[in-house]
Amino acid sequence: MPELRLTNTFSGEREVFVPIDPERITLYVCGPTVYNLAHIGNARPVVVFDTLYRVLDALYPKVIYARNITDIDDKIIAAAHERGQAIDAVSAEFTDKYREDVAALNTLVPSLEPHATDNIPAMIDLTQRLIDAGNAYISEGHVLFSVASMPSYGALSGRHLDDMLAGARVEVATYKRQAGDFVLWKPSEDDAPGWDSPWGRGRPGWHAECSAMIRAHLGDTIDIHGGGRDLIFPHHENERAQSCCAYGGDFVHYWLHNAYVDMDGEKMSKSLGNVRTIRDLLSNYQGEVLRFALLSAHYRSPLSFSQAVLDNAKGALDGFYGALRNVQDIQAQPVDISHSAAFNALLDDLNTPEAIAALHAASKALNKAAPQDRPRLKGILLANAEILGVLQCDPEEWFTSGRDSGLDAAAVEALINDRLEARANRDFDRADQIRDELVTAGIVLEDGSEGTTWRRR
RNA sequence: GGCUCGGUGGCAGAGUGGUCAUGCAGCGGAUUGCAAAUCCGUCAACGCCGGUUCGAUUCCGACCCGAGCCUCCA
């Protein structure tokens, strides 16, 4: 079996992936809090870990990939108030939209999508265990985790308790013994959603759900836990504290974190007004273009999102689909994904830029292939693409189904026929006039040996 | 202040102790009625200063610059 290597945040090093149980791989990725539309930065971990899921799936017989839905959270409560809607109406709406958006990015559906609100008893159990074990305390109706009770607290994020206390910039809530202590369970006001618990009617703290759901759905210890860098602290540090103290064991063997997407070099933020939602971008670009753009940089490097990055991605995909369009009548010879160069690039800590380079090489080889080699080379290109989750649609569709800029396919075909007639009569002025007309409508013609094809730009 | 990442050709972006990333853009050519697409060729980089080495963009140290986290955040 080929070796998969991953950079583990815990050790800071690239390590060979050794599964707990090769028959059952467990992968958990932090999903959305469903109170607004997902933006392109949210899309990055989704696409990155979808790619990892594909790699794991090619390597092992069974992979359980869980991505949670956080459907109880103060941000959702605030959004519901603002919109004058029920909380579950808000969370249901944005859960649906999230699924649509990420599906457009060619992502596979996870094996499990646990909802926080379906797992409240597991969170109560977690909290009770922590109290029983002496890692948590009750104060002013809250249950808090005591960071001082865990010697290795801070090991994931590389922080020392002393430093954190010294550098604390926020006012410490009165119910906390120490600044770093975090909420496991908090009381709910009468108009806020709540569940009965040994500590009164309340709701879980932010970190509780992942610990509880991982344990409930995947087990005490999982292979891989992923998410964005910003989750390392405090979210993942606190999850780790909860799970290790409540259930024993080492909780997660490989922690993976992706870097941010920034917009033209600036951090995406509401105040800068440069937040771009997936939905918004999809109105101008195919989802596959967004996916490709997100994979064009290595996941641990910051990705500077811009018009140029998207146009580049679109151009590259056009090139690949162009190569496939030329051989669309040729049956591809099946190729095992695990023999593809892209797959091998991904084995090395998901080196997607190198995998994309392999795609370019495969595309070029196909373009210049002798006829007898085309079935094999088409198969190779498709196998390389599949592991990256791209080039899965029909090339003709790709080029002709884009945004309709005033001319439908039939109208385009009619104009092409007029032009062919003009060319047959050597009336090139008329032929060029028709082509210019089409270019204005965003349609590019290509005269090939087997006729004229067209595509939308 | 603490912790963590980075600085590669015009742009995007990999990688490596000693000939090549890759793509876009540019330039030259083939092809085309002209184009487009494609193919062939080509230019060009490793923040700064030291050190280790036969040799450093790659290892080590200092410095400069940038980003992120420490507070909700992918």
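Here is the naming used below: chain letters follow the sequence lines, and residue numbers restart at 1 for every chain.
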Enquirer: Is there a side-chain polar atom (N or O) of A:Lys314 under 4.0 Å from OP1 or OP2 of B:C24?
Expert: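 No.
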Enquirer: For A:Tyr260 and for A:Ala431, find the nucleotide of RNA chain B with the closest heavy atom, then tell me which residue's nucleotide is more 5'.
Expert: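 Its nucleotide being nearer the 5' end, the pick is A:Ala431.
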Enquirer: Assign A:Arg419 to base, sugar-phosphate, or nothing according to its heavy-atom contacts below 4.0 angstrom with the strands shown.
Expert: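 Since a base atom lies under 4.0 Å of A:Arg419, the category is base.
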Enquirer: Taking atom types as they are modelled, would you say the side chain of A:Arg44 forms a donor-acceptor pair with the base of B:A74 within the 3.5 Å cutoff?
Expert: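 Such a pair does not exist between side chain and base.
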Enquirer: Strictly by Watson-Crick or wobble contacts shorter than 3.5 Å, is anything paired with B:U57, and which nucleotide is it?
Expert: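 Per the H-bond distance test, none.
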Enquirer: Applying a 4.0 Å non-hydrogen cut-off, can you work out what A:Gly158 is touching in the nucleic acid: base, sugar-phosphate, or nothing?
Expert: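 Since only primed, P, OP1 and OP2 atoms lie under 4.0 Å of A:Gly158, the category is sugar-phosphate.
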Enquirer: Applying a 4.0 Å non-hydrogen cut-off, can you work out what A:Thr453 is touching in the nucleic acid: base, sugar-phosphate, or nothing?
Expert: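 Counting heavy atoms under 4.0 Å across all strands, no contact is made by A:Thr453.
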Enquirer: Measuring from the side chain of A:Asp230 (C-beta onward, heavy atoms only), which nucleotide among B:A14, B:G33, B:A74 has the closest atom?
Expert: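 Nearest to the side chain of A:Asp230 among the choices is B:A74.
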Enquirer: Suppose we define a pair by two distances each less than 3.5 Å, Watson-Crick or G-U wobble; what does B:A25 pair with here?
Expert: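 Paired with no nucleotide.
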Enquirer: Counting side-chain heavy atoms from C-beta on, which of B:A74, B:C34, B:C5 comes nearest to A:His39?
Expert: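 Minimum distance to the A:His39 side chain belongs to B:A74.
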Enquirer: State the pairing partner of B:A67; accept Watson-Crick or G-U wobble contacts with both distances under 3.5 Å, and report none otherwise.
Expert: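 Because both required distances fall under 3.5 Å, B:A67 counts as paired with B:U4.
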Enquirer: If you only use heavy atoms from C-beta on, which nucleotide in B:C24, B:C69, B:A35 is closest to the side chain of A:Phe233?
Expert: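 Nearest to the side-chain atoms of A:Phe233, counting from C-beta on, is B:C69.
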Enquirer: Between B:A12, B:U22, B:C39, which nucleotide gets closest to the side-chain atoms of A:Val309?
Expert: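 Nearest listed nucleotide: B:A12.
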Enquirer: Measuring only the C1' atom in each nucleotide, how far is B:U19 from B:G23? A whole number of Å is fine.
Expert: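 Pairwise C1' distance, B:U19 against B:G23, rounds to 22 Å.
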Enquirer: Say we look at B:A44 and B:G26: how far apart would their C1' atoms be, to the nearest angstrom?
Expert: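 One C1' to the other, the span is 10 Å.
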Enquirer: How far does the P atom of B:G6 sit from the matching atom of B:U58, given to the nearest Å?
Expert: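 Comparing P positions in B:G6 and B:U58 gives a spacing of 14 Å.
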Enquirer: For A:Val46, which contact category applies under a 4.0 Å heavy-atom criterion: base, sugar-phosphate, or nothing?
Expert: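 No contact at all - A:Val46 keeps every heavy atom at 4.0 Å or more from the nucleic acid.
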Enquirer: Run the salt-bridge test on A:Glu113 and A:Arg99 with the 4.0 Å N-O cut-off and return the result as yes or no.
Expert: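 Looking at A:Arg99 together with A:Glu113, the answer is yes, because their closest N to O distance falls below 4.0 Å.
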Enquirer: Taking only N and O in the side chain of A:Asn351, is any of them less than 4.0 Å away from OP1 or OP2 of B:G15?
Expert: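 For B:G15, OP1 or OP2 has a side-chain N or O of A:Asn351 closer than 4.0 Å.
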Enquirer: For B:U38, what is the paired nucleotide under Watson-Crick or G-U wobble rules, both distances under 3.5 Å?
Expert: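 B:A30 is the nucleotide pairing with B:U38.
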Enquirer: In terms of side-chain heavy atoms, does A:His257 have a donor or acceptor partner in A:Thr9 at a distance below 3.5 Å?
Expert: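 Yes - a donor-acceptor pair under 3.5 Å links their side chains.
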Enquirer: For the rings on A:Trp185 and A:His142, is their centre-to-centre separation under 6.0 Å?
Expert: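 Between A:Trp185 and A:His142, the centre distance exceeds or equals 6.0 Å.
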Enquirer: Is any side-chain N or O of A:Arg14 under 3.5 Å from a base N or O of B:G15, one able to act as donor and the other as acceptor?
Expert: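 Under the 3.5 Å cut-off, the side chain and the base do not form any donor-acceptor pair.
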Enquirer: Ring centroid separation for A:His225 and A:Tyr254, is it under 6.0 angstrom?
Expert: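 Judged by ring-centre distance (under 6.0 Å), A:His225 and A:Tyr254 do not meet the cut-off.
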Enquirer: Can a donor-acceptor pair under 3.5 Å be found between the side-chain atoms of A:Arg300 and the base atoms of B:C5?
Expert: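 Donor-acceptor pair under 3.5 Å: no.
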Enquirer: Hey, is CD on A:Glu396 packed in by over 12 heavy atoms from elsewhere, all under 6.0 Å?
Expert: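 Yes, because the 6.0 Å sphere around CD of A:Glu396 holds more than 12 heavy atoms from other groups.
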Enquirer: How about A:Gln372: does its CD atom have over 12 heavy atoms from other parts shown lying under 6.0 Å from it?
Expert: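 Result for CD/A:Gln372: enclosed.
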Enquirer: So what does A:Gly41 hit on the nucleic acid, given a heavy-atom distance under 4.0 Å: a base, only sugar-phosphate, or nothing?
Expert: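 If one applies the 4.0 Å heavy-atom cut-off, A:Gly41 turns out to touch a base.
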Enquirer: Distance check, P atoms only: B:C65 and B:U71, in whole angstrom units.
Expert: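 Their P atoms lie roughly 26 Å apart.
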Enquirer: So does A:Lys364 get a side-chain nitrogen or oxygen closer than 4.0 Å to the phosphate oxygens (OP1/OP2) of B:U22?
Expert: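 No, outside the criterion.
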Enquirer: Less than 4.0 angstrom between a side-chain N/O of A:Ser301 and OP1 or OP2 of B:A14, yes or no?
Expert: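 Affirmative; the distance criterion is met.
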Enquirer: Just call it for A:Ala308: base, sugar-phosphate, or nothing, with non-hydrogen atoms closer than 4.0 Å on any strand.
Expert: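 A:Ala308: no heavy atom of the nucleic acid under 4.0 Å.
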Enquirer: For nucleotides B:U38 and B:C64, find the distance between their C1' atoms and express it as a whole number of Å.
Expert: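 The same atom, C1', in both gives a distance of 46 Å.
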Enquirer: Mind checking the P distance from B:G55 to B:G18? Whole angstroms is fine.
Expert: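 B:G55 and B:G18 have their P atoms separated by 14 Å.
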Enquirer: Are A:His253 and A:Phe17 close enough that their ring centres sit under 6.0 Å apart?
Expert: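 Centroid distance A:His253-A:Phe17: not below 6.0 Å, so no.
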Enquirer: Using a 4.0 Å heavy-atom cut-off, does A:Asn367 contact any base of the nucleic acid, only the sugar-phosphate backbone, or nothing at all?
Expert: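 Sugar-phosphate contact only.
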Enquirer: Please give the distance between the P atoms of B:G66 and B:C59 as a whole number of Å.
Expert: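 Roughly 23 Å separates the two P atoms.
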Enquirer: Could you tell me how far B:C43 sits from B:G51 if I compare only their C1' atoms? Round to whole Å.
Expert: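 Taking atom C1' in both B:G51 and B:C43, they lie 34 Å apart.
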Enquirer: Using a heavy-atom cut-off of under 4.0 Å over every strand shown, decide if A:His298 touches base, sugar-phosphate, or nothing.
Expert: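 Counting heavy atoms under 4.0 Å across all strands, the contact made by A:His298 is with sugar-phosphate only.
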